[in-house]
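Heavy atoms only: backbone and side chains are in, while hydrogens, waters and symmetry mates are out. Counting from 1, the numbers follow the sequence of the chain as shown.
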Amino acid sequence: DHGVNGLIFGNSGELYVQVPGNTNAGVPGSLSTTRQQEENLFSCATIVARNVNSPDFDGHLEFDDDDNQIGGWDVSVFAPGQRNSYGIVLHSNGYLYATDNGANVGYGMSSVTCEQNGPSPHEPDELNLVMEGHYYGHANRRRGRDDYRQCIWRTQNETSDESYTAPIGVLPASSDGLCEFETDHFAGQLRGNLIIGRWKGELYNVKLTNDGLTTEKGLSDYPPVLIEEGALDIVQGPDGTLFTAAHSINAIKFYAPNEEEARSEILNIKSVFPRRGPEQGGTSLTIYGDNLYLGGFPSVTVGGKPCAVQNPSDDSTITCTLPQGNPGSADIVVTTGLKSNVFQNGYRFVPAQTESTMDSHTNDALTIASPSPKQTHAPVWFQREERSTTSSTSDSLGIRALKWINTDTLDDIGPVEQGMCTFCADLSLTIRADTRGDVNSVRLTLDGPISFRAIENNMPYTLFGDGRWDYQGMYFQKGSYTITAQAFSKPDGQGLGGRIKSFDFEIV
């Protein structure tokens with residue numbers, strides 16, 4: 001049952017895929033028939049495929065005899081350390097959440113270091129807030145060659161630190177299916193909650209905190225059990241109906257909302273479909289609710305702009321043509337006669353996909369805050385490698401300077417220089433390349449106790465990438481490093497290359 005599982009598209013067209021592990025806790029065991037199958041470069045992780053709509057999409061993963069990636073450069077590891085994650089959802093709050101199956105005693109030993117084994121663990125399932133570069137505890141010794149934290153299996157009982165992100169909830173086995181309750185049925189009491197399906201178990205109704213960073217109470221305190229019969233997978237239809245894959249009985253079941261009849265004087269929006277679409281508009285939006293034509297023909301606005309109503313159908317649906325909007329969430333307002341109703345943050349306009357937004361390795365799909373500074377600034381360990389086809393160098397473009405950036409305060413704190421860095425061990429940092437000339441990409445390479453490579457196609461050119469409002473950073477381990485940067489005249493490290501700038505420094 002450890003097959004490729006959940007799939008979800010992000011708001012910039014990127015595709016997230018839940019790939020399971022080959023081991024129980026990082027060491028080969030009885031999960032494989034040979035008992036010798038190890039984790040590989042892309043196992044036990046959320047992976048992401050970017051640029052998927054481009055005719056040049058490079059998604060054919062290829063590896064050499066040492067399991068080094070040599071092809072498929074538009075695919076990378078997004079969030080490592082998930083043992084057998086089945087369900088994943090992109091919530092309306094902008095976060096990714098995923099279920100994950102815990103280790104089973106007797107199915108394989110735990111990885112204590114890259115060489116040392118520990119006892120076979122047994123743990124319940126978990127709910128994770130999936131964030132780029134964070135490590136969720138299931139060991140992968142292959143990736144541990146470049147990222148030592150992944151050689152160490154971490155238990156759910158540990159708290160989050162700079163090397164590990166603990167689950168936001170512990171679940172009974174086997175918790176798999178996952179969706180967001182997106183409609184306004186039952187007076188909106190369930191809207192935004194996570195519905196989690198337990199195979200041969202129950203459907204759980206899990207309420208998140210307002211900031212989305214954890215659950216409102218420990219999952220061990222649940223019920224509420226929404227439905228006694230569970231599901232391997234769950235989706236919600238636009239009318240609020242939950243559809244479940246009851247794998248154990250080979251059936252699809254559905255559970256429709258059962259409410260009292262709406263009062264005749266109440267205009268009420270309950271849901272819309274689709275929930276997101278391109279910012280340029282022009283697509284159809286269907287609004288579901290009660291008494292939508294009460295008092296006359298309705299008018300609709302989305303994000304404050306008119307949504308042209310098409311031919312009316314019945315009192316419970318309206319179809320309109322979406323206007324152009326600004327990227328982000330937008331309220332939907334239906335007005336008829338003297339009555340109106342607002343469906344807050346009911347629709348999301350997503351940015352138009354351009355070459356620049358698809359090529360950059362920043363995560364604009366998830367512009368999210370972090371539970372703590374140390375958890376936010378974990379590095380993205382596997383990004384597109386160098387594919388430079390430069391034929392010559394040029395003095396007309398280059399790197400003016402490399403700067404240390406404190407990613408907690410977003411302040412420049414000085415140039416990268418030869419020698420010791422006495423402050424670097426205590427701050428979450430990244431390195432920014434300031435350029436001159438007509439630069440369209442920068443290749444940055446860090447070698448040392450932690451090695452990292454990236455090509456940045458958009459300013460600011462930073463080692464670990466940047467979101468819309470902040471830099472991504474990391475806490476450097478002590479030791480000696482080399483940082484190398486080179487500017488290029490074309491995206492993806494192609495075209496003319498400027499002179500290489502390089503510094504050796506030591507974190508003390």
| said: To the nearest 0.5 Å, what is the distance between OG1 on Thr484 and CG on Asp447? | reply: 6.5 Å

| request: May I ask you to check whether over 12 heavy atoms, not counting those of Trp199, lie within 6.0 Å of atom CH2? | output: no

| Close side-chain approach of Tyr136 and Met131, heavy atoms under 4.5 Å | yes

| Is Asn5 reaching over with its side chain to a backbone N or O of Gly3, donor-acceptor style, under 3.5 angstrom? | yes

| Partner set under salt bridge (charged side-chain N to carboxylate O under 4.0 Å, His left out) for Arg198, not counting sequence neighbours | Glu202

| field | Sub-4.5 Å side-chain heavy-atom contact between Glu456 and Thr462 | value | yes

| Side-chain donor/acceptor of Asp233 to backbone N/O of Gly177, under 3.5 Å | no

| message | I'd like to check Tyr164 versus Ile152 (side-chain heavy atoms, cut-off strictly below 4.5 Å). Are they in contact? | response | no

| Can you name the residues that form a side-chain contact (heavy atoms from CB on, under 4.5 Å) with Val17, not counting sequence neighbours? | Val4, Leu7, Leu15, Val19, Ile47

| request: Report the C-alpha separation of Leu429 and Ile413 in whole Å, then their side-chain angles, then the decisive distance to 0.1 Å, and conclude whether the side-chain contact (heavy atoms from CB on, under 4.5 Å) test is met. | output: CA-CA 10 Å; Leu429 299 168; Ile413 54 176; 3.6 Å; yes

| task | With sequence neighbours excluded, tell me which residues meet side-chain contact (heavy atoms from CB on, under 4.5 Å) with Gln36. | result | Thr34

| remark: Gln150 and Asp147 have their tightest heavy-atom pair at NE2-OD2, 2.8 Å

| query | Between Asp58 and Trp73, is there a donor-acceptor pair closer than 3.5 Å when you use the side chain of the first and the backbone of the second? | reply | yes

| message | Any non-hydrogen side-chain atom of Asn345 less than 4.5 Å from a side-chain atom of Asp331? | response | yes

| message | Please enumerate all residues that pass ring pair (Phe, Tyr, Trp, His ring centres under 6.0 Å) together with Tyr481, with sequence neighbours excluded. | response | Phe476, Phe505

| request: Could you grab the distance from atom CH2 of Trp153 to atom CE of Met109, nearest 0.5 Å is fine? | output: 12.5 Å

| task | Kindly indicate whether the side chain of Pro119, heavy atoms from C-beta on, has any atom under 4.5 Å from the side chain of Ser110. | result | yes

| query | When you look at CG of Asp64, are more than 12 heavy atoms from neighbouring residues, nucleotides or ligands closer to it than 6.0 Å? | reply | yes

| field | Cationic tip of Arg50 above Phe78 ring, under 6.0 Å, 45° of axis | value | no

| task | Grab the two heavy atoms, one from Pro238 and one from Thr183, that are nearest each other, plus how far apart they are. | result | O-CG2, 4.0 Å

| field | Full working for side chain to side chain donor-acceptor pair (under 3.5 Å) between Glu182 and Ser92 | value | CA-CA 8 Å; Glu182 294 185 311; Ser92 56; 6.0 Å; no

| message | Closer than 3.5 angstrom, by distance alone: can the side chain of Glu123 be matched with the main-chain N or O of Thr155 as a donor-acceptor pair? | response | no

| With Glu62, which residues qualify under salt bridge (charged side-chain N to carboxylate O under 4.0 Å, His left out), at least two apart? | none

| Can any side-chain N or O of Thr209 pair as donor or acceptor with the backbone N or O of Thr214 at less than 3.5 Å? | yes

| request: Flag the pair Leu208 / Asn93 as yes when at least one side-chain heavy-atom distance between them is below 4.5 Å, and no otherwise. | output: yes

| With sequence neighbours excluded, what pairs up with Phe349 under the ring pair (Phe, Tyr, Trp, His ring centres under 6.0 Å) test? | Tyr347

| message | If you define the side chain from C-beta out and look only at heavy atoms, does anything of Phe42 sit under 4.5 Å from Val75? | response | yes

| Minimum heavy-atom distance between Gly106 and Ser30, given as atom pair plus value | O-OG, 3.5 Å

| Can you name the residues that form a salt bridge (charged side-chain N to carboxylate O under 4.0 Å, His left out) with Arg141, not counting sequence neighbours? | none

| said: Please report the interatomic distance NE2(His138) to CG(Asn24), rounded to the nearest 0.5 Å. | reply: 7.5 Å

| request: Kindly determine whether Asp67 and Asn40 satisfy side chain to side chain donor-acceptor pair (under 3.5 Å), including the steps that lead there. | output: CA-CA 7 Å; Asp67 198 28; Asn40 60 54; over 6 Å; no

| said: Strictly by disulfide bond (SG atoms under 2.5 Å apart), give each pair with a member in residues 71-155 just once, sequence neighbours left out. | reply: Cys114-Cys151

| said: Go through it in stages, so that I can follow the logic: the residues are Gln18 and Thr46, the test is side chain to side chain donor-acceptor pair (under 3.5 Å), and I'd like the CA-CA distance, side-chain angles, deciding distance and then a yes or no. | reply: CA-CA 5 Å; Gln18 299 303 93; Thr46 300; 2.7 Å; yes

| query | Just one of Asp408, Thr409, Thr407 clears the side chain to side chain donor-acceptor pair (under 3.5 Å) bar with Ser428, so which one? | reply | Thr407

| task | Show the numbers, then the answer: is there a side chain to side chain donor-acceptor pair (under 3.5 Å) between Glu126 and Gln156? | result | CA-CA 8 Å; Glu126 59 191 44; Gln156 298 167 352; 2.9 Å; yes

| Heavy-atom neighbours of Phe273 CZ exceed 12 at 6.0 Å | no

| query | Which atoms form the tightest heavy-atom contact between Cys44 and Asn140, and what is the distance? | reply | SG-ND2, 3.5 Å

| task | Taking side-chain contact (heavy atoms from CB on, under 4.5 Å) as the test, write out the residues that go with Asp504, two or more places apart. | result | Gln418, Thr482

| query | Listed by chain and number, what are the salt bridge (charged side-chain N to carboxylate O under 4.0 Å, His left out) partners of Arg432, not counting sequence neighbours? | reply | Asp412, Asp434

| message | Using 0.5 Å steps for rounding, measure from the CZ atom of Arg275 to the OG atom of Ser329. | response | 8.5 Å

| query | Can you name the nearest heavy-atom pair linking Val105 to His122, along with the distance? | reply | N-ND1, 3.2 Å

| Within a reach of under 6.0 Å around NE2 of His91, are more than 12 heavy atoms found that belong to other residues, nucleotides or ligands? | yes

| Interatomic distance, Leu402 atom CG to Lys501 atom NZ [nearest 0.5 angstrom] | 6.5 Å

| query | Just by distance, do the side chain of Tyr97 and the backbone of Gly212 share a donor-acceptor pair under 3.5 Å? | reply | yes

| query | Is it true that a side-chain atom of Asp125 and a backbone atom of Gly102 form a donor plus acceptor pair closer than 3.5 Å? | reply | yes

| field | Separation of Ile168 CD1 from Tyr95 OH (nearest 0.5 Å) | value | 10.0 Å

| field | Pairs touching residues 152-216 that satisfy disulfide bond (SG atoms under 2.5 Å apart), sequence neighbours left out | value | none

| request: Give the intermediate values and the outcome of salt bridge (Lys or Arg N to Asp or Glu O under 4.0 Å) for residues Asp161 and Arg154. | output: CA-CA 11 Å; Asp161 55 36; Arg154 304 290 296 267; 2.7 Å; yes

| task | For the residue pair Ser480 and Glu506, establish whether any side-chain heavy-atom pair is separated by less than 4.5 Å. | result | yes

| For the student: nearest non-hydrogen atoms of Asp176 and Leu232, plus distance | CB-O, 3.5 Å

| query | Does Thr113 have any side-chain contact (heavy atoms from CB on, under 4.5 Å) partners at least two apart in sequence or in another chain, and if so, which? | reply | Glu115, Gln116, Tyr148

